[in-house]
Amino acid sequence: MTVLALIEHDRGRLVPAALESLTFGRQLADRIGTELEAVTIGSTADGLAAHLGEFGAATVHQAHHELLADFSADGWADSVVTLIGTGNPHAVVASGTDRGNEVLAHVAARLDAPFVANVLPTGLETGADRNSPWHLTRVRWGGSLHERAVLHADVKLMTAALHRVDAERADTPGPATPAPFLPVLEERAAITIVRDRVERTAGVTLATASVVVGGGRGVGSPEGFAPLEDLAQLLGGVVGCSRAVTNNGWRNHTDQVGQTGTRISADVYFACGISGAIQHWVGASGAKCIIAINTDPGANIVTKADYAVIGDLHEVVPAIADEIRRRRD
Amino acid sequence: MRVLICIKRVPAPGARINLTADGQAVDTTNLGFTMSPHEECALEAGLALVETHGGSATALTVGRPEAEEQLRYAASLGVTSVVLVPTDGNDWDPQRTARAITGAVEHLEAGADGSFDLIIFGNESADSGGFQVGVRVARALDRPVVTGAKGLTVDEDVASIRREIDGVQEVYELPLPAVVGVKEGINLPRYPTMKGRLTSRKATVDAINATGEAGGQAMVTLLSPPEVASHLVVLGDGVTAAPAVVDVLDELGLL
Ligand SMILES: Cc1cc2nc3c(=O)[nH]c(=O)nc-3n(C[C@H](O)[C@H](O)[C@H](O)COP(=O)(O)OP(=O)(O)OC[C@H]3O[C@@H](n4cnc5c(N)ncnc54)[C@H](O)[C@@H]3O)c2cc1C
Ligand SMILES: Nc1ncnc2c1ncn2[C@@H]1O[C@H](COP(=O)(O)O)[C@@H](O)[C@H]1O
């Protein structure tokens with residue numbers, strides 16, 4: 001019996017969250033005293049095996065099939081179900097990303113088994129034997145609330161909540177034996193395949209920008225964002241916004257920060273004319289430093305921020321830009 | 001074209017989420033209710049498809065009788081029929097919810113109007129975020145499913161679905177009948193018109209009793225995550241604070 005970690009990749013490019021979930025899986029395997037195994041899907045990912053060994057995977061199962069050249073929720077789930085059939089793992093762990101959650105939902109639906117999305121590394125109680133229920137803590141509301149849950153299942157299916165486990169190499173790295181296998185794919189896997197695919201050359205994105213200048217309802221109009229654009233450009237950053245802004249059609253949803261938008265990881269986030277609703281906060285709180293600019297000293301974002309300027313953003317934002325230019329001259 | 005949209009009533013918290021004393025629920029004493037933004041977009045997507053191709057849109061929820069409020073909201077937007085699968089009050093686990101929806105769909109499809117060409121879900125519910133109910137329903141009904149949709153069009157009997165993951169845009173083509181989970185940003189949801197609001201008051205809410213057992217995941221209690229201590233420094237009022245802001249940027253090495 002083992003813990004099986006599903007390794008998320010895109011055409012062989014490892015997704016950073018995959019190493020988090022692999023580390024989560026290793027902690028789980030250590031706890032229940034079993035081996036950690038990994039599975040990569042599609043031959044494009046074969047080259048990952050040695051690296052996964054450094055993170056403690058003893059065996060790396062490699063699903064090979066002509067339908068698995070690209071991601072496919074059905075094909076990936078069928079591959080995992082094939083391995084569950086042959087290896088009978090204790091638990092299957094994937095990353096708490098869109099794809100990770102999607103694939104495990106498909107696995108769970110096939111087995112008619114429960115699947116717990118976005119589990120935290122803390123508070124896990126795994127029980128003495130295979131059939132004992134597990135207790136675990138998962139995130140809700142995009143992370144603003146936790147839930148204690150009990151899980152009764154033969155194979156425990158779960159994803160690791162994002163950015164809650166640091167990817168760490170194993171003290172005693174395994175040899176990572178590659179184990180190619182032919183998954184049993186259902187007919188469906190030939191239907192729900194990617195028909196077309198475009199890779200966008202990502203410049204600075206909202207998720208990765210080091211500076212984000214965010215605007216909310218207080219900006220007042222699409223044109224009102226011009227000074228925010230200016231400030232962002234001066235600092236090599238990008239503009240973000242709240243849902244009030246996207247709902248008004250002032251900006252595209254790709255700029256939205258929050259529970260149903262993007263989680264940022266900036267060094268600095270300027271929150272201008274944003275009240276700081278919990279659903280916005282879960283997207284903004286990944287920033288290392290938050291500077292709120294708001295007319296209301298009692299606004300939630302102001303009380304939670306690192307720094308605040310009380311005033312009209314339409315005056316304050318241009319003044320900051322002017323000051324930057326003055327000092328750079 | 002016959003479309004079904006599945007929505008879930010959830011509280012609409014503001015600055016923070018407070019829990020009831022027993023930790024079993026969000027304290028909604030001073031809160032309104034809503035649905036996930038993804039589901040608002042699911043409604044919009046369903047209504048837009050019916051406008052383009054003709055047919056009808058139905059909205060369905062599994063929840064307490066109060067969830068009628070969200071169904072009437074859907075009706076005010078133009079959904080032609082609304083269906084409530086009443087629960088006993090407590091939130092159901094994802095397997096049980098999926099079984100209840102599947103049962104209701106089978107019941108509705110056995111009627112004179114026949115099958116749904118498309119069943120639209122949100123990518124995830126706002127409160128519990130299980131990322132699975134739509135996938136389970138699709139499986140139970142033996143229909144293809146793609147989640148995370150940021151684009152959805154139907155041509156003849158094929159649904160084209162576009163989604164974006166980590167800078168990669170993928171296109172899928174699913175033969176109808178199919179299931180799709182949509183994400184906010186796929187469209188800009190409409191607001192109810194005055195006329196819509198008035199007619200929605202008179203809409204009949206059809207009730208279908210739930211079938212299906214509880215699944216293997218059960219909530220024990222809700223917990224508030226530890227609060228991060230605030231170290232707020234007020235840099236000043238208005239434009240006079242600009243130099244202090246730039247000092248902070250300088251300290252952080254951003255100049
Ligand atoms: C399930 C769910 C998911 C959600 N997901 C998201 C999400 O992903 N992202 C998101 O942002 N929201 C999300 N929301 C919406 C969220 O609850 C809030 O409604 C939204 O964030 C409010 O946007 P806002 O702060 O811009 O507007 P408001 O709350 O109206 O705040 C405007 C702020 O601007 C200030 N202000 C006004 N004029 C000025 C001025 N001239 N200068 C300076 N300050 C000024 C005001 O004092 C106020 O603080 C979600 C809601 C739900 C229910
Ligand atoms: N109680 C419910 N009633 C109707 N639809 C639901 C319910 N719960 C979840 N759904 C639908 O399933 C989607 C995914 O939910 P979840 O698996 O909880 O993240 C939601 O966006 C809704 O479209």
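Keep in mind the model is a prediction, meaning the values are calculated, not measured. Chain naming here is simple, since letters A, B, ... match the order of the sequence lines and numbering starts at 1 in each.
- How far CD of B:Glu170 is from OG of A:Ser72: 9.5 Å, rounded to the nearest 0.5 Å.
- Nearest heavy-atom pair, A:Cys289 versus B:Leu252, reported as atom, atom and distance to 0.1 Å: SG-CD1, 4.1 Å.
- Between chain B and the options A:Val116, A:Asp312, A:Val316, A:Val211, the largest number of non-hydrogen pairs under 4.5 Å is found for A:Val116.
- With a threshold of 4.5 angstrom between heavy atoms, A:Val317 does not approach chain B through any atom at all.
- Proximity to chain A (any heavy atom under 4.5 Å) is restricted, for B:Arg143, to the backbone atoms N, CA, C and O.
- Heavy-atom neighbours of B:Asp22 CG from other residues, nucleotides or ligands within 6.0 Å: above the threshold of 12.
- Taking B:Arg16, B:His38, B:Glu184 one by one and counting their heavy-atom pairs under 4.5 Å with chain A, the maximum is reached by B:Glu184.
- Between chain B and the residues A:Leu145, A:Ile320, A:Leu136, the most heavy-atom pairs under 4.5 angstrom are made by A:Leu145.
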request  = Could you walk me through whether B:Val245 and A:Val309 pass the side chain to side chain contact (heavy atoms under 4.5 Å, CB included) test, one step at a time?
outcome  = CA-CA 8 Å; B:Val245 173; A:Val309 177; 3.6 Å; yes

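- For A:Arg188 (side chain) and B:Asp142 (main-chain N/O), a donor-acceptor pair under 3.5 Å exists by modelled atom type.
- The two residues A:Ala117 and B:Gly130 make their nearest non-hydrogen contact at CB-O, 3.6 Å.
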query = Are A:Phe270 and B:Leu249 close enough, and set up right, to give a side chain to side chain contact (heavy atoms under 4.5 Å, CB included), and what steps lead you there?
reply = CA-CA 11 Å; A:Phe270 287 91; B:Leu249 297 177; 3.8 Å; yes

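- Atom-to-atom distance recorded for A:His253:NE2 and B:Cys41:SG is 7.0 Å, nearest 0.5 angstrom.
- Interface summary for chain A: among B:Gly238, B:Pro225, B:Gly215, B:Gly185, the most heavy-atom pairs under 4.5 angstrom belong to B:Pro225.
- Side-chain atoms of A:Val198 and B:Val168, non-hydrogen and from C-beta on, never get closer than 4.5 Å to each other.
- Both the backbone and the side chain of B:Asp247 come within contact range of chain A, judged by heavy atoms closer than 4.5 Å.
- In terms of heavy-atom pairs under 4.5 Å with chain A, the best-connected choice from B:Leu174, B:Ile165, B:Val146, B:Asp93 is B:Ile165.
- A salt bridge links A:Asp98 and B:Lys183; the closest N-O separation between the charged side-chain nitrogens and carboxylate oxygens is under 4.0 Å.
- A:Arg327 contributes a side-chain N or O that, together with a main-chain N or O of B:Pro243, makes up a donor-acceptor pair within less than 3.5 Å.
- The 12-atom threshold is exceeded at CZ of A:Arg110, counting heavy atoms of other residues, nucleotides or ligands nearer than 6.0 Å.
- For the pair A:Arg13 and B:Asp166, the tightest heavy-atom approach, listed with the atom from each and the gap, is NH2-O, 4.2 Å.
- Contact of A:Glu187 with chain B is not made at all, since no heavy-atom distance falls under 4.5 Å.
- With chain A as the partner, the residue from B:Pro37, B:Ala241, B:Ala178, B:Gly23 showing the most heavy-atom pairs under 4.5 Å is B:Pro37.
- Chosen from A:Asp267, A:Val150, A:Leu151, the residue pairing most often with chain B at heavy-atom distances under 4.5 Å is A:Val150.
- The pair A:Asp74-B:Arg139 fails the salt-bridge criterion, with no side-chain N (NZ, NE, NH1 or NH2) lying under 4.0 Å from an Asp/Glu carboxylate O.
- Atom CD of residue A:Glu147 and atom CD of residue B:Gln217 lie 6.0 Å apart, to the nearest 0.5 angstrom.
- Using a 4.5 Å cut-off between heavy atoms, A:Ile291 contacts chain B through its side chain alone, with no backbone atom that close.
- Contact count versus chain B (heavy atoms, under 4.5 Å) is highest, among A:Gly311, A:Ala321, A:Ala319, for A:Ala319.
- Of the listed residues (B:Val234, B:Val10, B:Leu235), the one with the most heavy-atom contacts under 4.5 Å to chain A is B:Leu235.
- Residues A:Lys304 and B:Ala15 come closest through the heavy atom pair NZ-O, 3.9 Å.
- In this structure a side-chain-to-backbone donor-acceptor pair under 3.5 Å is present from B:Gln95 to A:Asp112.
- Heavy atoms closer than 4.5 Å to chain A are found in the side chain of B:Leu19, but not in its backbone.
- When heavy atoms are compared at a cutoff of 4.5 Å, A:Ile193 approaches chain B solely by way of its backbone atoms N, CA, C and O.
- Contact between B:Leu188 and A:Gly249 at its shortest, heavy atoms only, is CD2-CA, 3.8 Å.
- Residues A:Asn247 and B:Tyr191 have side chains in contact (heavy-atom distance under 4.5 Å, counting atoms from C-beta outward).
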request  = Could you give me the CA-CA distance, side-chain angles and deciding distance for A:Arg200 and B:Gln169, then say whether side-chain hydrogen bond (donor to acceptor under 3.5 Å, both in side chains) is met?
outcome  = CA-CA 8 Å; A:Arg200 318 202 150 217; B:Gln169 180 176 300; 2.5 Å; yes

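- Proximity to chain A (any heavy atom under 4.5 Å) is shown, for B:Val246, by both the backbone and the side chain.
- The closest side-chain heavy-atom distance from B:Ser128 to A:Trp141 is not below 4.5 Å.
- The part of A:Ala113 that comes within reach of chain B is its backbone (N, CA, C, O), which places non-hydrogen atoms under 4.5 angstrom from that chain.
- If you tally non-hydrogen atom pairs under 4.5 Å between each of B:Ala218, B:Gly129, B:Pro175 and chain A, the highest count goes to B:Ala218.
- For the pair B:Ser160/A:Arg195, no side-chain contact is recorded, criterion being any heavy-atom separation below 4.5 Å from C-beta on.
- Looking at A:Gln259, its side chain does come within 3.5 Å of a backbone N or O of B:Ala126 through a donor-acceptor pair.
- Note that CG of A:Leu235 and CG of B:Leu255 are 7.5 Å apart. Values are rounded to the nearest 0.5 Å.
- Of the listed residues A:Glu199, A:His280, A:His106, the one with more heavy-atom pairs under 4.5 angstrom with chain B than any other is A:His106.
- With respect to the salt-bridge test (charged N to carboxylate O, under 4.0 angstrom), the residues A:Glu102 and B:Arg163 qualify.
- Interface remark: of the candidates A:Thr137, A:Val15, A:Thr254, A:Val302, A:Val302 forms the most heavy-atom pairs closer than 4.5 Å to chain B.
- Residue A:Ala305 comes nearest to B:Ser230 through the heavy atom pair O-OG, 4.1 Å, listed as atom of the first residue, atom of the second, then distance.
- When heavy atoms are compared at a cutoff of 4.5 Å, B:Val137 does not approach chain A at all.
- Both the backbone and the side chain of A:Asp196 come within less than 4.5 Å of a heavy atom in chain B.
- With respect to the salt-bridge test (charged N to carboxylate O, under 4.0 angstrom), the residues A:Arg243 and B:Glu40 qualify.
- For a residue to count as touching a neighbouring chain, one of its non-hydrogen atoms must lie under 4.5 Å from one of that chain's; by this rule A:Thr295 does not touch chain B.
- Comment: A:Arg140 does not engage B:Glu124 in a salt bridge, judged by the lack of any side-chain N to carboxylate O separation of less than 4.0 angstrom.
- Heavy atoms closer than 4.5 Å to chain B are found in both the backbone and the side chain of A:Phe71.
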